[in-house]
Amino acid sequence: MIRLGDKIKELRLERELSQTQLAKIIGVSQKAIDYWERNVNEPKANYIIALVKFFEISYDEFFADI
């Protein structure tokens with residue numbers, strides 16, 4: 001089982017994106033991405049929706065193993 005932040009980081013790195021690039025794509029700050037990936041905070045529902053759409057995965061895939 002992995003944590004949500006680890007999943008976000010894994011997906012981001014698979015696309016070879018920086019935190020700044022992903023932040024611009026979904027409309028948050030780089031610091032927000034950093035906090036999510038370090039499991040300091042969790043993204044709000046609207047950002048989870050944006051992540052799922054951007055990465056073109058289902059919610060089941062996004063939350064698998066979490």
Side-chain angles (χ1 to χ4, degrees):
M1 191 156 111
I2 65 172
R3 299 191 300 182
L4 183 59
D6 299 325
K7 182 70 169 194
I8 294 168
K9 185 174 184 176
E10 175 185 304
L11 291 166
R12 178 178 63 79
L13 293 176
E14 284 176 5
R15 294 279 180 111
E16 299 181 354
L17 294 170
S18 68
Q19 289 182 345
T20 302
Q21 290 169 315
L22 180 58
K24 286 181 182 179
I25 290 165
I26 65 167
V28 297
S29 68
Q30 177 273 325
K31 192 170 198 165
I33 301 291
D34 177 57
Y35 280 11
W36 297 345
E37 290 185 357
R38 291 189 298 126
N39 295 292
V40 174
N41 292 332
E42 291 186 354
K44 293 181 181 180
N46 57 319
Y47 296 122
I48 290 174
I49 292 167
L51 288 165
V52 166
K53 286 182 180 179
F54 172 73
F55 290 118
E56 298 176 323
I57 58 175
S58 69
Y59 291 100
D60 288 340
E61 289 174 287
F62 187 77
F63 288 108
D65 301 322
I66 293 177

Worksheet item: Given side chains that start at C-beta, do those of Gln21 and Arg15 come closer than 4.5 Å, heavy atoms only?
Response: no

Discussion item. Which residue is it: Gln30, Lys9, Arg12? I am looking for the one with a side-chain contact (heavy atoms from CB on, under 4.5 Å) to Leu22.
Written reply: Arg12

Fill in: Separation of Thr20 OG1 from Lys31 NZ (nearest 0.5 Å)
13.0 Å

Fill in: Straight-line distance of Asp34 CG to Asn41 CG, nearest 0.5 Å
10.0 Å

Worksheet, complete the sentence: Distance col, row Phe55:CZ vs Leu11:CG, nearest 0.5 angstrom, shows 5.0 Å

Worksheet entry | Side chain proximity check, Phe54 to Leu17, heavy atoms < 4.5 angstrom | yes

Fill in: CD on Glu56 to CG on Leu51, rounded to 0.5 Å
13.0 Å

Discussion item. Between Asn39 and Asp6, does the side-chain contact (heavy atoms from CB on, under 4.5 Å) criterion hold? Intermediate values first, please.
Written reply: CA-CA 8 Å; Asn39 295 292; Asp6 299 325; 3.8 Å; yes

Discussion item. I'd like to know if Trp36 and Leu13 are part of one continuous hydrophobic network [Ile/Leu/Val/Met/Phe/Trp/Tyr, side-chain heavy atoms within less than 4.5 Å].
Written reply: no

Item to complete: Verify the neighbour count for atom CD of Glu16: are there more than 12 heavy atoms of other residues, nucleotides or ligands below 6.0 Å?
Response: no

Discussion item. Are Ile2 and Ile33 connected into the same hydrophobic cluster when the rule is that any two of I, L, V, M, F, W, Y join if their side-chain heavy atoms are below 4.5 Å apart?
Written reply: yes

Worksheet entry | Minimum side-chain heavy-atom gap Pro43-Ile8 below 4.5 Å | yes

Discussion item. Nearest 0.5 Å, please: how far is CE in Met1 from NZ in Lys7?
Written reply: 13.0 Å

Item to complete: Give a yes or no on this: more than 12 heavy atoms of other residues, nucleotides or ligands lie within 6.0 Å of atom CD of Glu42.
Response: no

Worksheet item: How long is the span from the CZ atom in Phe63 to the CG atom in Leu4, to the nearest 0.5 Å?
Response: 6.0 Å

Worksheet item: Would Val40 end up clustered with Ile48 when hydrophobic side chains under 4.5 Å apart are linked, directly or stepwise?
Response: no

